[in-house]
Amino acid sequence: MKLKNIIYIIICLIIVAGIVVWKTAGFNMELQYSSRKQIELTNKTGIEISDIKKMVSEVLGNTRFIVQPVETFGNAVSIVAEDMTEEQKNSIVEKFNEKYYSEDSSEEDKESSDKSSDKKIDNDDIKIVSIPFTRVKDVIKPYILPGIITLVLVTMYFTIRFRRLGYKKIFAKTLIVPVVAETLMFSIIAITRIPFGRIAITLGIALYLMTIFVLTNKFENERIKILEELENNN
Amino acid sequence: MKKNKLVLAAKILAVVIICLIAFVGIYVQKANKMENVVKDYKLGKDLEGYREFTLKISDAYKVLDSDGNEVGNTDTYDDNSISSNKYTKSEEKVNSKDSLTAENYEKSKEIIEKRLKSFGVKDYNISLDKSTGEIYLQIPENSDTDKIVSNITELGTIELKDSEDNSKVYLTSSNFEKAKTLYNRTSSGTVVYLELQFNKDGKNTLKNLSENDYKTLENTNNTTSDSNTTSENTNESSNKSSENNTDESSEDTTNTTSEETKDNSKNAEDASNESSEDSSDNSSKKSETQKKVTLYISGNQIISTSFDDVIENGAIDLSMSQASTDEKAVSDSLQSASTIANILNNGELPLTYNVDENQYVKTDITTNSVKIALTIVGVIIAIGFVYLIIKFKLKGVLALISYICFIALATLLLRYTNVEISLSAIVAGIIIAILNYLFNFKMLKIDVQDKKEYNKTYLQLLMNLLPIYAISIIFCFISWTVLSDFGMVMFWGITLIAIYNRLITKHIVD
C-alpha cells in the first residue's frame, strides 16, 4: 500500500513537471513538425545520400537535420535543418560542388573546362526556404474524436460486463487510467525532450490499447475471483 | 510413436514452407528474370514518401476586358496574351493589402484543411506561416495527388451575373447553400449533374429572375432551340474534358471543365448568331432582346443561359456530360462534379493562392532503421521464448516453431489484405507479436488435451482481447491513415491469433 502511494506521488510529480515544461518550453517537436530551413541540391549524375549526410553534418554540427531524396531520379536531395545560415548553406553548396563536379570534370576528358564549371551550382541559385512549424493542436486533432468515441464505448462495455465489481469504480478506473497513462507518457516526452512527432503519436495509440488490454485482464481476473467466491459460498 | 514423429515432421515441414514463402518468396522466371510472385508490401506515406508543396499568396494583378470586367489575373495571363486579347492589366492586386490579415490566413488554412478532408486525403501535415500567410503541406502520393494539388487553391466563389452587364450580380457565395452531384439514367445513357442549391434569399432571387427578365422568350423559337444547343454543346464539352482527364490525369479537372464549357458557350453564342442571320430580321431582333445570366464558379465562366421554366426550388442543375453509356466517362464526369461540389461546399477562400515548390520527397525513415527496430523486438521475443523453452521444454520449442509460422502468416495476410504499412502499422504489428506471445504462454500453462479447460482458457483469452478488437475495428473506419493502418493490423492480427492458435498452435503443441 505504501509503495502504491509512492508510485502515485511520483506519477503526479512527473505529470505536473511535464505540464510545466510543456507550458514553458513546449514539446521538442520532431523536425517534420518544427520550424525549419530547407535547401535543395541537384546534379545530373546522381547523389549518394550518405555522402550528403556526411557533408551536412560537417557543416551544421549538432543542429538537427534530415536529408531526403527528391523525386525518383536519384539526382536531387532536400536538406532540412532546424536552422541554417547563409554561410552554412554556401559551405554545403561548396562541398557539394567539390564532391560532384570536380570529379566529373576530371573524368570528362579534356573537352572544355568551361563545361564543367557551367554545371557547378552557384551559391545564389540555392535559396533557403523557411517552413513554418505545425501546431501540436493540428498534430493531435485527428486522434481526439476517435479516442473519445472508443473510450466511451469501452467504458460502457466495462461498466456492464464488470458491474459486479462496482460500476462506479469500473467507470472511474476506465476513464482515469488511460488518460493518466497518456498524460504520463507525454509528460515524460516533454521532460526528457524526446522529439514529439510520428513515433510519439504512434506510441501513444499503442499505450492506449495496451492500457485497455491490461484493464480488461485485471477486471476479468477480479470478476472470476468474485464468481468463484460466490460459487464456493453456494 | 513412429506415426507421431511423421506427423510432427509434416507439421514442421509445413511451417518451414510457409516461412519460406513469407520471408523469401516464390520466384518464377519472367522474361529472363527471376521475379517474386508473392505480393509486396504496400508502404504508407511514412515509409515511402509524400508530396510536399507550398501555397503562396498570389502577388498578381487583376486583368480586365475592354468593358472593365475582371477576366483573370497576371498569374494566368502574361503580357502577350493580355495585349492579344485586348485586355488591360489593372493596378489592383488580386489580394488587396487589407485582405492580408492573420485572420484571413487562418481562415484559408481551415478551408484548405476541409478541402483536403473532402478530397479524401487521409494523412496530411499542414502548417501556416502567420507572418506571410504561406501554407506548407505534405500529402500522400497517389493517383489523385496531382488533381488535389491543382484544385486545392480554387477560390470556391460562385456568382450569377447578367451576361451583358457584369455589374449586375444577382447571386453570390453568400446566397449559396450547398452543391451536390446527381446523375440521371436515361435510355441513351447516364447524365451527370451538378446541383447548386441556394438559400432562401437566393431561392427568391432565382424565382424572380426565371419568371421575369431572364425567362426564355416564348415567341423566339430559334433562340429557344439555340438555348438547347447551348446545353448540348456544354454537355459535349464536359464529356470531352472527361476524356482529356483520362489521358492526362494531372490536369486541373475544374478548370478544364469550366474553360471548355466557356469555349462552348462562345460556340453556342456563335451558333446563335449564325442561326439568327439565317432567320428573319424580326426574329433576329427578338433574339437580341433575350436576356441571359452567366454563372461563374471560382471566377470561371461556366454557362450563359436563360430560363425555360420558373425555378421554384432554388436550385440550378448543371449537366456535366452528355448522356453516356461509357462507365469511365460517367465516372470521370461524376468525379469532376464532385470535385467542384467539394470545393464549393467547403467555403470560399478569402485569398488567392498559388502552388509553389510542388515535389515528391522520399521518406527520411530508411529501411535500415526499420530493420534495426524490428531486430530489437525480435531479440526481446527470442529472449521470451528462451524462457518458454526452459520452462516448458519440448512444448516451448514447438510453440516457438508455431510462433514463427504465425509471424510468417501474418506478414502474408497483411500483404494480401492491402494493409498500408506505415510506422503505426509496424507498432501495431509489434503489439500483435506481444499479444500472441502472451496467448501462447497462457495456453502452454494448461493441459491442452483437457478439452474443457482448454476451451475455458481460450474463451477467457478471447474475451480479454475483445475490447481492443472492438477499438481496432473502429480505428479501421477512421479516415486518418495512422489510425486506420493501426486498426487494420490489429484487426487482422487479433483475428489471426484467435483462428491460428485454435487450429494450428493447439495441434502442433498437442
Side-chain angles (χ1 to χ4, degrees), chain A residues 31-36 38 40 49 65-72 74 76-78 80 129-135 138-139 141-143 145-147 149-151 153-154 157-158 161 174 197-199 201-203 205-206 208-221 223-224, chain B residues 45-46 49 52 54 109 113 117 122-132 134-136 138 356-357 359-366 373 422-428 430-431 434-435 438 460-461 463-468 470-472 474-475 477-483 485-487 490:
Chain A
L31 203 49
Q32 287 280 358
Y33 295 114
S34 58
S35 169
R36 55 206 185 270
Q38 183 188 41
E40 268 179 42
I49 295 294
F65 72 89
I66 48 173
V67 178
Q68 293 168 279
V70 174
E71 303 296 347
T72 49
V77 283
S78 153
V80 182
V129 178
S130 294
I131 301 174
F133 68 93
T134 310
R135 292 182 301 188
D138 288 330
V139 178
K141 202 164 62 183
Y143 307 96
L145 189 63
I149 292 170
T150 51
L151 191 58
L153 289 175
V154 167
Y157 169 75
F158 280 179
R161 179 158 174 83
T174 316
R198 292 164 294 180
I199 296 171
I201 291 279
T202 310
L203 289 179
I205 303 167
Y208 172 59
L209 256 81
M210 290 312 274
T211 315
I212 298 294
F213 178 68
V214 170
L215 275 178
T216 319
N217 266 291
K218 192 176 176 294
F219 294 155
E220 200 67 50
N221 289 341
R223 191 182 74 96
I224 290 167
Chain B
K45 172 176 157 262
D46 291 344
E52 73 170 8
T54 309
K109 185 190 154 230
E113 237 183 309
K117 281 178 192 162
K122 290 180 175 176
D123 188 8
Y124 57 82
N125 178 12
I126 186 166
S127 56
L128 167 73
D129 187 332
K130 282 183 179 169
S131 57
T132 61
E134 274 181 28
I135 296 170
Y136 171 82
Q138 286 178 352
D356 195 40
E357 313 267 345
Q359 62 195 11
Y360 172 72
V361 180
K362 282 190 184 173
T363 182
D364 57 314
I365 300 167
T366 57
S422 57
L423 271 180
S424 62
I426 291 173
V427 172
I430 293 168
I431 294 179
I434 295 167
L435 289 177
L438 295 174
Q460 181 71 46
L461 290 170
M463 288 309 288
N464 286 351
L465 289 174
L466 191 65
I468 57 170
I471 294 175
S472 307
I474 294 171
F475 281 178
F477 292 100
I478 304 289
S479 52
W480 190 252
T481 314
V482 177
L483 284 173
D485 290 349
F486 192 94
M490 288 296 293

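Residue numbers start from 1 in every chain, and the chains themselves are labelled A, B, ... in the order their sequence lines are given, proteins ahead of strands.
For B:Met490, the part lying near chain A is the side chain, with the backbone staying farther off; criterion is any non-hydrogen pair under 4.5 Å. Using a 4.5 Å cut-off between heavy atoms, A:Glu40 contacts chain B through its side chain alone, with no backbone atom that close. Residue B:Lys45 does not touch chain A at all, counting heavy-atom pairs closer than 4.5 Å. When heavy atoms are compared at a cutoff of 4.5 Å, B:Leu466 approaches chain A solely by way of its side chain, counted from C-beta outward. Residue A:Leu215: no heavy atom, backbone or side chain, is found under 4.5 Å from chain B. Using a 4.5 Å cut-off between heavy atoms, B:Leu435 touches chain A through its side chain atoms alone. Neither the backbone nor the side chain of A:Phe219 comes within contact range of chain B; no heavy atom of the residue lies under 4.5 Å from a heavy atom of that chain. Looking at A:Ile49, neither its backbone nor its side chain comes within 4.5 Å of chain B, counting heavy atoms on both sides. Using a 4.5 Å cut-off between heavy atoms, A:Asp138 touches chain B through its side chain atoms alone. Only the side chain of A:Ile131 has a heavy atom closer than 4.5 Å to any heavy atom of chain B. When heavy atoms are compared at a cutoff of 4.5 Å, B:Ile430 does not approach chain A at all. For a residue to count as touching a neighbouring chain, one of its non-hydrogen atoms must lie under 4.5 Å from one of that chain's; by this rule B:Ser131 does not touch chain A. For A:Lys141, the part lying near chain B is the side chain, with the backbone staying farther off; criterion is any non-hydrogen pair under 4.5 Å. Heavy atoms closer than 4.5 Å to chain B are found in the side chain of A:Val129, but not in its backbone.
Checking A:Ser35, A:Pro132, A:Ser34 one by one against B:Ser127, the side-chain contact (heavy atoms from CB on, under 4.5 Å) holds for a single residue, A:Pro132.
Within a 6.0 Å radius of NZ in B:Lys122, no more than 12 heavy atoms belonging to other residues, nucleotides or ligands are found. Counted within 6.0 Å of OH on B:Tyr360, heavy atoms from surrounding residues, nucleotides or ligands total more than 12; the atom is thus considered enclosed.
For the pair B:Asn125 (side chain) and A:Gln32 (backbone), a donor-acceptor distance under 3.5 Å is present.
In terms of heavy-atom pairs under 4.5 angstrom with chain A, the leader among B:Lys109, B:Glu134, B:Glu357, B:Lys130 is B:Lys109. Ranked by heavy-atom pairs shorter than 4.5 Å toward chain A, the options B:Pro467, B:Ala470, B:Ser479, B:Gly49 are led by B:Pro467. The candidate from B:Ile478, B:Asp129, B:Ile468 with the greatest count of non-hydrogen atom pairs under 4.5 Å with chain A is B:Ile468. Counting heavy-atom pairs closer than 4.5 Å to chain B, the top-ranked of the candidates A:Leu151, A:Val80, A:Ile224 is A:Ile224. When each of A:Tyr143, A:Tyr157, A:Tyr208 is scored by its heavy-atom pairs under 4.5 Å with chain B, the top score falls to A:Tyr143.
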Apply side chain to side chain contact (heavy atoms under 4.5 Å, CB included) to the pair A:Gln68 and B:Glu52, showing each step before the final yes or no.
-> CA-CA 12 Å; A:Gln68 293 168 279; B:Glu52 73 170 8; 5.8 Å; no

Run the side chain to side chain contact (heavy atoms under 4.5 Å, CB included) check on A:Ile205 and B:Val427 step by step: do they pass?
-> CA-CA 9 Å; A:Ile205 303 167; B:Val427 172; over 6 Å; no

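Put simply, CD1 on B:Ile474 and CD1 on A:Ile149 are 7.5 Å apart, with the number rounded to the nearest 0.5 Å. One distance of note links OG of B:Ser424 with CG of A:Leu203; it measures 11.0 Å at 0.5 Å rounding. Distance CG/B:Leu465 to CG/A:Asn217: 8.0 Å, rounded to 0.5 Å. Here B:Tyr136 contributes atom OH and A:Gln38 contributes atom CD; the two are 6.0 Å apart, rounded to the nearest 0.5 Å. The CG atom of B:Leu423 lies 5.5 Å from the OG1 atom of A:Thr202; values are rounded to the nearest 0.5 Å.
A 4.5 Å side-chain heavy-atom check between B:Phe475 and A:Leu209 finds at least one atom pair inside the cut-off. No side-chain heavy atom of A:Phe213 sits under 4.5 Å from any side-chain heavy atom of B:Ile434. With contacts defined as side-chain heavy-atom distances shorter than 4.5 Å, the pair B:Ile471/A:Val154 qualifies.
When all heavy atoms are compared, the tightest approach of A:Thr216 to B:Met463 is CG2-O, 4.0 Å.
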